[in-house]
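Everything below concerns the one structure shown next.
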Amino acid sequence: MESALYPIQNKYRFNTLMNGSWQFETDPDSIGLKEGWNKELPDPEAMPVPGTFAKLTTKRERKYYTGDFWYQKDFFVPSFLQGRDIFIRFGSVTHRAKVFINGHEVGQHEGGFLPFQVKISDYIQFDQSNRLTILVNNELSEKTIPCGTETVLSNGQKLAQPYFDFFNYSGIMRNVWLLALPQIQITNFKLDYQLSNNTATINYQIESNDNDTEFKITLLDHEEALISTTSKDTGRLTVKNPHLWQPSDPYLYKIKIEMLQNAKIVDEYIDQIGIRTIKVVNDKILLNNQPIYLKGFGKHEDFNILGKVTNESIIKRDYECMKWIGANCFRSSHYPYAEEWYQYADKYGFLIIDEVPAVGLNRSVTNFLNVTNSNQSHFFAAKTVPQLKQVHQQEIKEMIDRDQRHPSVIAWSLFNEPESTTPESYDYFQDIFTYAKKLDPQKRPYTGTLVMGSGPKADRLHSLCDIVCLNRYYGWYVAGGPEIVNAKRMLMDELNGWQDLKLNKPFVFTKFGADTLASLHQLPDEMWSQEYQNEYYQMYFDIFKKYPFIQGELVWNFADFKTSEGIMRVGGNAKGVFTREREPKDIAFVLRKRWR
Ligand code: GCB
């Protein structure tokens, strides 16, 4: 990626959104490149960007379309932008993209949930129409993340088979910008904080595409009053009596970076930053050196019609619901969300466990059931693992480069429920953690979530994690309904087992939940009813009290969401505390009382 910086406008930086109606065509036989579709699509239809075709169609073949597909858009670059570097920036393209300008390939990107930008200056004509074409592919394999496989139906259609439990929405689902940047430009900057004696030290490191430049760095408070200023690409700023960022008071400073050449400013980038520290000490998570208990959700980017499309109205509504209920945290399960989510979190005072799309590293969609039955698919013994590891590492790097400055991001999750009981799984993740730990200047805690069945005896990954995150379903997939008394026993047995290991690490429940139909009430309660969801959660909360190393509860899920079809799901996953329309189920009021 050329730069991880979110687009901003100022005297030196111009951008315009390219969203709107684009041309679209599927290419089931992958003939497009040979036939020159990178220049002209033969029979396109209109398609919104951002958007996802799977939610807009009335045809099953289109909904489940798997393979290559193309987008095209004509655009204009006025000549007053000449002399600048021109880029196209994609918030994401799911899952991989090849980008062409006026027929020439200008870049490609693997991974469907992180931004990338491609430089197009050498291929465009100013003051004339230009053509942007993107070849997208949404197939799943064990070589890329998220993992899955595919099958070919008797009609010849390919069908993606995710090893994960959310719908494989794909396409261009986030914003697309045209950027005009100075040729000498700031490409990123990293910050980390130290607090002592009522003084904050901000260590910074600026990255740019030119070594022969100077910098001026200015820190301003919320009212734009000057706090501190310095020069050099690497250095420190000090803040006396800092106003710290925290969920109850998400105070943001402004940092301005000016880049100079021959004493003339050539680029400027301004960002809002929150001064705070985050670390794990013994079995506590410390925010600004005070223990913090995490309350909130595992979420998805998911909504009717939109699928995973970024929409700020939904972002705002979700934060309002999370604020109402008294949550302070969510995990970006199971992929990094659109950047706008993190900007809101910084302002609303939410904590985020930021997760890379490493989900489905286990040869089954119901992996929690398989592992519980001691089935091991020896996923990490496959020949494709070196390739997978490279993609996994690349996406960790892109996620950390993108999100490291957000005060809201308090931890990095490097996996969700992979196979974790085999020696190969340890070897794989040891490399992943070693790689990741070099990337974050703030050295935030690193974690990953452990599947049901990966308990204190069998699990091999917890030693790598700074926070041990458990996904548990006693009372739902195991010992549900009238057996809930056994579920209670099983959960306590497992927690006793962890306690005996004396790990001296914080534990967070990153998933526990029960599918619940908002329409169903029953006495005595039964599985799927709202009353059962209440009973289920109450059982967990009663037990959490007994184990002081539990430092957080992120329930599954914030809202009902779409999954693949199957006998386990009625219209999707119904474990939401809110419905898919973001209205509360009964449990929402229970949680509100508990969390507030
Ligand atoms: C899990 C998976 C998640 C599923 C969830 C469930 O632990 O990681 O993707 O949606 O279980 O509801 O079954």
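We count ligands from 1, going down the list as the structure has it; atoms in each ligand are counted the same way.
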Between [X] and ligand 1, find which residue part has any heavy-atom pair under 4.0 Å and reply side chain, backbone, both or neither.
{"X": "His334", "value": "side chain"}
{"X": "Phe561", "value": "side chain"}
{"X": "Trp556", "value": "side chain"}
{"X": "Asn416", "value": "side chain"}
{"X": "Thr563", "value": "neither"}

For ligand 1, is [X] a contact, meaning one of its heavy atoms is under 4.0 Å away?
{"X": "Met568", "value": "no"}
{"X": "Phe164", "value": "no"}
{"X": "Trp476", "value": "no"}

Which of the ligand 1 atoms, numbered from 1, are nearer than 4.0 Å to a heavy atom of [X]:
{"X": "Glu417", "answer": "1 (C), 2 (C), 7 (O), 8 (O)"}
{"X": "Tyr473", "answer": "1 (C), 5 (C), 6 (C), 7 (O), 11 (O), 12 (O)"}
{"X": "Tyr477", "answer": "6 (C), 12 (O), 13 (O)"}

Arg596 to Ile325 - nearest heavy-atom pair and separation: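 Nearest heavy atoms, Arg596 then Ile325: CG-O, 3.9 Å.
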Do the ring planes of Phe512 and Tyr540 sit parallel (below 30°), tilted (30 to 60°) or perpendicular (above 60°)?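 It falls in the tilted class, 30° to 60°.
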Give a yes or no on whether the backbone of [Y] and the side-chain of [X] come within a donor-acceptor separation of less than 3.5 Å.
{"X": "Arg331", "Y": "Asp354", "answer": "no"}
{"X": "Tyr473", "Y": "Lys511", "answer": "no"}
{"X": "Ser333", "Y": "Lys299", "answer": "yes"}

Audit row: Arg582, Asp318, salt bridge (charged side-chain N to carboxylate O under 4.0 Å, His left out) steps and yes/no: CA-CA 7 Å; Arg582 277 44 177 182; Asp318 282 8; 2.8 Å; yes
How far apart are the C-alpha atoms of Asp283 and Lys505, what are their side-chain angles, what is the distance that settles it, and do they pass the salt bridge (charged side-chain N to carboxylate O under 4.0 Å, His left out) test? CA-CA 4 Å; Asp283 61 1; Lys505 289 184 183 193; over 6 Å; no
Minimum distance, heavy atoms only, to atom 2 (C) of ligand 1: which one of Lys511, Arg472, Arg569, His300 is it? Lys511
Ring centers of Trp556, His334 separated by less than 6.0 Å: yes
